[in-house]
Amino acid sequence: MAARPDGWPTAETFELATVEVPAPADGQVLVRNTLMSVDPYMRGRMNDVESYVAPFEVGKALEGGAIGEVVESRSPRWSVGDTVLHGLGWRDYALLDADHAVRVDPAAAPVSTYLGILGMTGLTAYAGLVGVARLRPGETVFVSGAAGAVGSAVGQFARLLGAGRVVGSAGSAEKVRYLTDELGFDAAFDYHDGPVARQLRAAAPDGIDVYFDNVGGEHLEAAIGSMNRFGRAAICGMISGYNDTEPAAAPRNLARLIGWRLTLRGFLVRDHGDLRGEFVERAGGWLAGGELSYRETFADGLTNAPAAFLDMMRGGNIGKMLVRLSTTD
Ligand SMILES: NC(=O)c1ccc[n+]([C@@H]2O[C@H](COP(=O)([O-])OP(=O)(O)OC[C@H]3O[C@@H](n4cnc5c(N)ncnc54)[C@H](OP(=O)(O)O)[C@@H]3O)[C@@H](O)[C@H]2O)c1
């Protein structure tokens, strides 16, 4: 990261640096990265503010989920050729302590799924529905950012967990078609087509019981306005405000929480590691059985990682946004 952004990141926020790759010391491995993830939370880490995770440092490589192959090992745990998941993306080669890598089985599922539907974003969707909102069969679920990595998993998991009606919002007609025609959403709308509150009332005339919030702002206000008594919102993200320099005006209807006895609960996927085992088992089973599908949007090469990140923040992705690395080796 070359400079901290104020508002939207620009080309000046990033710099591609070439440095010597050190040889691994005892207990370390050298990994050639093949895939890296770009995620909305990375925008938050570009700010120098107190948060649940330390900010990125100016002049140092950014970090994030990545998958690669061990090319040198000085640990008995790892052999050359092993495929690993780890947290040092945004670079072609990563030098890791052996216990900072997690084994990935390329025979079990495509390795990219460990950064998406079977990985962090999939677990986020599952934890929000099961651990936070405590979805019950028959309930109506609304998810914003529904064609993205987390949102597309939320809609499908909700259906598989017995939701009565699943409604989603996304940013284009193509995404809306993807939700209804491919993922089995009962209704979906493009939030550019009119006020979210009005479109949501039309899509869920009997109200919603669970709101999975990826967007915040106008979406959250609309969801609160459509919630049935004792409704619950899993507050996962508020991407509509991540590049704002002024706080959002909405939601303005928080008083409704009282009369309707609503619960809004923020959560972080990292606090739901206890659900990982059951999540991997269920989602892996749904995927293998053809009941769950996923899409990925790829960019190629580290040079294009900043553009891929910005493209994802602007809605250029369907499903998980990933960058393929070391593709020319
Ligand atoms: N709490 C946690 O532990 C946790 C973990 C992972 C992710 N998250 C959060 O979950 C959300 C989704 O993350 P993801 O990784 O799955 O990303 P994603 O949905 O795959 O990509 C981001 C999407 O946000 C949408 N977006 C951008 N600006 C918007 C706006 N102003 N209004 C409405 N939608 C907008 C875009 O789709 P459109 O074309 O539809 O606009 C874009 O595709 C983010 O808020 C993220 O911070 C939270």
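In each ligand, atom 1 is the first atom listed, and ligand 1 is the first ligand listed.
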(message) salt bridge (Lys or Arg N to Asp or Glu O under 4.0 Å) for Glu139 and Arg232? Distances and angles first, verdict last.
(response) CA-CA 11 Å; Glu139 290 188 322; Arg232 290 94 59 211; 2.8 Å; yes

(message) salt bridge (Lys or Arg N to Asp or Glu O under 4.0 Å) for Asp209 and Arg165? Distances and angles first, verdict last.
(response) CA-CA 10 Å; Asp209 304 300; Arg165 186 170 177 79; over 6 Å; no

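Close approach of ligand 1 to Ser240 (heavy-atom distance below 4.0 Å) involves ligand atoms 30 (C), 31 (N), 32 (N). Listed by number with element, the atoms of ligand 1 under 4.0 Å from a non-hydrogen atom of Met238 are 45 (O). Shown in contact with Ala170 at under 4.0 Å from a heavy atom are these atoms of ligand 1, numbered in order with element: 40 (O). The Val150 neighbourhood of ligand 1 comprises atoms 7 (C), 13 (O), 14 (P), 16 (O), with distances under 4.0 Å to a heavy atom of that residue. Interface of Tyr242 with ligand 1, defined as ligand atoms under 4.0 Å from a residue heavy atom, comprises 45 (O), 46 (C), 47 (O). Contact atoms of ligand 1 toward Ala149: 16 (O), 18 (P), 19 (O), 20 (O) (distance under 4.0 Å to a heavy atom of the residue). Atoms of ligand 1 found under 4.0 Å from any heavy atom of Gly319 (numbered from 1 in listed order, with element): 20 (O).
In plain terms, the two heavy atoms of Pro9 and Met46 that are nearest each other are CG-SD, 4.1 Å. Among all heavy-atom pairs drawn from Ala125 and Val150, the shortest one is CB-O, 3.7 Å. For Trp90 against Leu302, the heavy-atom pair with the smallest separation is C-CD1, 3.7 Å.
Using a 4.5 Å heavy-atom cutoff, the side chains of Trp78 and Glu72 are not in contact.
In the model, Tyr52 has no side-chain atom that pairs as donor or acceptor with a side-chain atom of Arg270 under 3.5 Å. Counted by atom type alone, Lys320 and Ser37 present one or more donor-acceptor pairs between their side chains at under 3.5 Å. Between the side chains of Glu218 and Tyr191, no donor N or O sits under 3.5 Å from an acceptor N or O. A side-chain N or O of Asp213 and one of Tyr211 form a donor-acceptor pair less than 3.5 Å apart.
Of all protein heavy atoms, the one lying nearest to atom 19 (O) of ligand 1 is Gly148 CA, 3.3 Å. Val269 N, 2.7 Å is the protein heavy atom nearest to atom 3 (O) of ligand 1. In terms of protein heavy-atom proximity, atom 17 (O) of ligand 1 is closest to Pro40 CG, 3.5 Å. Protein heavy atom at the shortest distance from atom 42 (C) of ligand 1 is Met312 O, 3.2 Å. Considering only non-hydrogen protein atoms, atom 41 (O) of ligand 1 sits nearest to Tyr191 OH, 2.5 Å. Atom 36 (C) of ligand 1 has Gly315 CA, 3.4 Å as its closest protein atom, hydrogens excluded (heavy atom only). Of the protein's non-hydrogen atoms, Asn317 OD1, 2.6 Å is the one closest to atom 43 (O) of ligand 1. Nearest protein heavy-atom contact of atom 39 (O) of ligand 1 is Lys175 NZ, 2.6 Å.
Contact annotation for Met313 and ligand 1: only backbone heavy atoms (N, CA, C, O) come within less than 4.0 Å of the ligand. With a 4.0 Å cut-off on non-hydrogen atoms, Val215 touches ligand 1 through its side chain and not its backbone. In Thr124, the part holding a heavy atom less than 4.0 Å from any atom of ligand 1 is the side chain.
Here atom 24 (O) of ligand 1 lies nearest to Ile239 when heavy atoms of Val154, Val38, Val196, Ile239 are compared. The option with the heavy atom closest to atom 11 (C) of ligand 1, from among Leu123, Thr121, Asn214, is Asn214. Scanning Gly237, Gly168, Cys236, Ala146 for the heavy atom closest to atom 48 (C) of ligand 1 points to Cys236.
For an aromatic pair to be called close, the ring centres must be under 6.0 Å apart, and Phe157 with Trp286 satisfies this.
If you run salt bridge (charged side-chain N to carboxylate O under 4.0 Å, His left out) between Glu182 and each of Arg177, Arg295, Lys175, only Arg295 comes through. A side-chain contact (heavy atoms from CB on, under 4.5 Å) with Glu63 is found for one member of Arg91, His86, Glu57, Met42 and no other, namely Arg91.
Ligand 1 has a nitrogen or oxygen under 3.5 angstrom from a nitrogen or oxygen of Gly171. Every N/O-N/O distance between Ser172 and ligand 1 stays at or above 3.5 Å.
Here the side chain of Asp82 pairs no donor or acceptor atom with the backbone of Val70 at under 3.5 angstrom.
Contact between Met120 and ligand 1 is present, with at least one heavy atom of the residue lying under 4.0 Å from the ligand.
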